[in-house]
Novice: 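Here it is, the structure, as structure tokens.
What you see is a predicted model; the values in this text were computed from it and never measured.
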Number of protein chains: 2
Amino acid sequence: MTRAEENYIKTIFHLGGNQAQLISTNAIAEQMETKPSSVTDMAKKLADKNLLNYIRYKGVSLTDLGIKTALSIIRKHRLWEVFLVKKLDFTWDEVHEVAEQLEHIKSEKLIDKIDELLDFPKYDPHGDPIPSKNGDFQERDKQLLSEMPIPSSGVCVGVKDTSAAFLKFLDKHHIALGHEISIVEKEAFDDSLKIRIGGKELQISNQIATNLYVKVE
Amino acid sequence: MTRAEENYIKTIFHLGGNQAQLISTNAIAEQMETKPSSVTDMAKKLADKNLLNYIRYKGVSLTDLGIKTALSIIRKHRLWEVFLVKKLDFTWDEVHEVAEQLEHIKSEKLIDKIDELLDFPKYDPHGDPIPSKNGDFQERDKQLLSEMPIPSSGVCVGVKDTSAAFLKFLDKHHIALGHEISIVEKEAFDDSLKIRIGGKELQISNQIATNLYVKVE
DNA sequence: ATTTAAATTTAGACAAATCTAAAAATTTGT
DNA sequence: ACAAATTTTTAGATTTGTCTAAATTTAAAT
């Protein structure tokens, strides 16, 4: 598998190509910042390799083999992210682009040893679950902060947006995974929230609230 | 820099292109298992980028920029090898091919942090020196076992051949870096050596002796 | 000093991955 | 339902890195 092929498979998975639903070439092109015509070419190639089902003018969905492949890449990506944070003191906004490269390293032994070194972590630094060696993983029961009842509270367990800008914003306001967050009230006008975290009150916009996950149980 | 370009630069360095000497396209092609015509194409490209001097029909030699680039790649390769052995329990015959991939990861911070994690090692698992961040490194004073006086002794500090076959042979006979080796006698007929290592005597062929380095001081 | 042999380069072609522009199919709006 | 808008595909071109086969240059041998 080439690096380009792996990136297509991974993107299609993230767009929901594991479910039965068909992903359009346009959606893939937009996500990958490439042109729909390039996606069409690659779709044919990956269909030939039995990694996805391609229906002309309709879109693609991953085959079982494609899903397995995607999970293997995502597993590597997330394990490397944990490694960078836990062993090399990277911050959570620095890991993505390096992990994008490391996820393509071909060595089963390498990633299994990294897994072991990290003591088999279940979640990456952004709270996303890490698929096991055999490809299964439990998505945590979680809810966007913006969808929580008011008032209520929960533990921050993940972020939806993983851009450096957003993560740095969270650092600045001392919001991190594992922190208890209480929702005090919602401003009806702009859906901004008054929250309580680490003993302090903080006003956050709806845009922030729709990108923060809280544990539900 | 593409991966292919990096591999050319690294190979030319290892063939001696840092010295004033010119390396022939044939030599490069043979080392890289490619065709001389491909090397010619790449030589032009790298010369355009000021990474090497290319003289038609004569060969190439690295520029200062080319040497700096080569050292950076070699530094990464050797640091990753140390990482694999020290942190992930790889054996010294398993590290090369994985390091060949890892050496192309682009992140200054990553390799500096790996360096720090390993406590700034000076030599890789095969005894080869690791260039520092600013590109200088001290080649150890060493001698091939086959060129030592008889009798004499020294500490094993490196291997010339780093193939898995040779390294496994050494493991099998309990020869490792840091071990004291005494040369007892040389067989004039085939230049094989009787050596003493770890309290035991061992007969080794000239082919082995010409691939083992011993410290000189 | 020629001829022969070896090394090197050029020319033209190919596969991978991408692009642009034009054509075809699908979806949308009325 | 049919024209317009959108999406998707096709056709042809480009770049990178490679190859083969032919031409050229350099080195070796007599």
Side-chain angles (χ1 to χ4, degrees), chain A residues 1-17 20-62 66 69-70 73 100-101 103-106, chain B residues 1-17 20-62 66 69-70 73 100-101 103-106:
Chain A
M1 268 217 126
T2 69
R3 183 171 295 228
E5 287 171 347
E6 290 189 346
N7 285 332
Y8 274 93
I9 293 295
K10 186 182 56 161
T11 300
I12 293 164
F13 182 93
H14 281 132
L15 289 172
Q21 118 195 233
L22 289 175
I23 310 299
S24 73
T25 48
N26 245 14
I28 299 165
E30 192 175 342
Q31 182 70 28
M32 299 188 70
E33 296 183 322
T34 183
K35 303 293 166 184
S37 56
S38 305
V39 177
T40 299
D41 287 347
M42 186 58 91
K44 289 175 184 166
K45 193 172 152 192
L46 294 175
D48 282 348
K49 293 193 174 191
N50 195 33
L51 286 158
L52 49 78
N53 306 113
Y54 167 52
I55 306 174
R56 285 174 79 236
Y57 292 102
K58 296 298 180 183
V60 304
S61 65
L62 295 176
T69 304
I73 300 163
E100 286 284 296
Q101 298 179 63
E103 73 188 5
H104 299 293
I105 301 290
K106 279 160 188 57
Chain B
M1 268 216 121
T2 67
R3 184 173 291 228
E5 286 172 348
E6 290 189 347
N7 284 332
Y8 273 93
I9 293 295
K10 186 183 58 163
T11 300
I12 292 164
F13 183 93
H14 281 132
L15 288 173
Q21 120 196 231
L22 290 174
I23 310 298
S24 74
T25 48
N26 244 14
I28 298 165
E30 192 176 342
Q31 182 71 29
M32 299 188 70
E33 295 184 322
T34 183
K35 302 294 165 181
S37 55
S38 306
V39 177
T40 299
D41 288 347
M42 186 57 91
K44 288 175 184 167
K45 192 172 154 193
L46 294 175
D48 283 347
K49 293 195 175 189
N50 195 32
L51 287 159
L52 49 77
N53 307 113
Y54 167 52
I55 306 174
R56 287 173 77 236
Y57 293 102
K58 295 298 180 183
V60 303
S61 66
L62 295 175
T69 303
I73 301 163
E100 287 283 298
Q101 298 179 63
E103 72 188 4
H104 299 293
I105 301 290
K106 278 159 187 58

Novice: Counting only heavy atoms not in B/E100 (residues, nucleotides, ligands), do more than 12 fall under 6.0 Å from its CD?
Specialist: yes
Novice: Using whole Å, what does the distance between atom C1' of nucleotide C/dA15 and atom CD of A/E5 come to?
Specialist: 12 Å
Novice: From the options D/dT10, C/dT8, C/dT18, select the nucleotide whose nearest atom is closest to the side chain of A/T40.
Specialist: D/dT10
Novice: Verify the contact: side-chain N or O of A/Y8 to OP1 or OP2 of C/dA16, cut-off strictly under 4.0 Å; return yes or no.
Specialist: no
Novice: Measure from OH on B/Y57 to P on C/dA7 and round the result to the nearest Å.
Specialist: 15 Å
Novice: Start with the C-alpha gap between B/M42 and B/T25, add the side-chain angles, then the distance that decides, and say whether side-chain contact (heavy atoms from CB on, under 4.5 Å) holds.
Specialist: CA-CA 10 Å; B/M42 186 57 91; B/T25 48; over 6 Å; no
Novice: Let's see if you can work this out: which of C/dT18, D/dT7, D/dT18 has an atom nearest to the side-chain heavy atoms of B/S38?
Specialist: D/dT18
Novice: Is there a side-chain contact between B/K35 and the phosphate of C/dA7, meaning an N or O under 4.0 Å from OP1 or OP2?
Specialist: no
Novice: For B/K49, is the NZ atom crowded, meaning more than 12 foreign heavy atoms sit under 6.0 Å from it?
Specialist: yes
Novice: Are B/R56 and C/dT10 close enough that a side-chain N or O sits under 4.0 Å from OP1 or OP2?
Specialist: yes
Novice: Please report, rounded to the nearest Å, how far the P atom of C/dA6 is from the CD atom of B/E30.
Specialist: 15 Å
Novice: Can you spot which of B/V39, B/I55, B/T40, B/L52 makes a side-chain contact (heavy atoms from CB on, under 4.5 Å) with B/V60?
Specialist: B/L52
Novice: Would you mind reading off the distance between B/N26 atom CG and D/dA27 atom C1', rounded to a whole angstrom?
Specialist: 13 Å
Novice: Quick one: A/M42 CE to C/dA16 C1', roughly how many Å, whole number?
Specialist: 8 Å
Novice: Do any side-chain nitrogens or oxygens of B/K44 fall under 4.0 Å of OP1 or OP2 in C/dT10?
Specialist: yes
Novice: Select one nucleotide: of C/dT27, C/dT8, C/dC19, the one nearest the side-chain heavy atoms of A/K58.
Specialist: C/dT27
Novice: For the side chain of A/P36, starting at C-beta, report the closest nucleotide among C/dA7, D/dT9, C/dA16.
Specialist: D/dT9
Novice: Starting at atom CG of A/D41, determine the distance to atom C1' of D/dT9, rounded to an integer number of angstrom.
Specialist: 9 Å
Novice: Would you indicate what A/T25 reaches in the nucleic acid, counting non-hydrogen atoms under 4.0 angstrom: base, sugar-phosphate, or nothing?
Specialist: sugar-phosphate
Novice: Give the rounded distance in Å between these two atoms: CD1 of B/I55 and P of C/dT9.
Specialist: 11 Å
Novice: With heavy-atom distances below 4.5 Å as the criterion, would you say the side chains of A/Y54 and A/L46 are in contact?
Specialist: no
Novice: How many Å lie between CD1 on A/I28 and P on D/dT7, as a whole number?
Specialist: 14 Å
Novice: Using only heavy-atom distances, decide whether a donor-acceptor pair under 3.5 angstrom links the side-chain of B/S37 to the base of D/dT20.
Specialist: yes
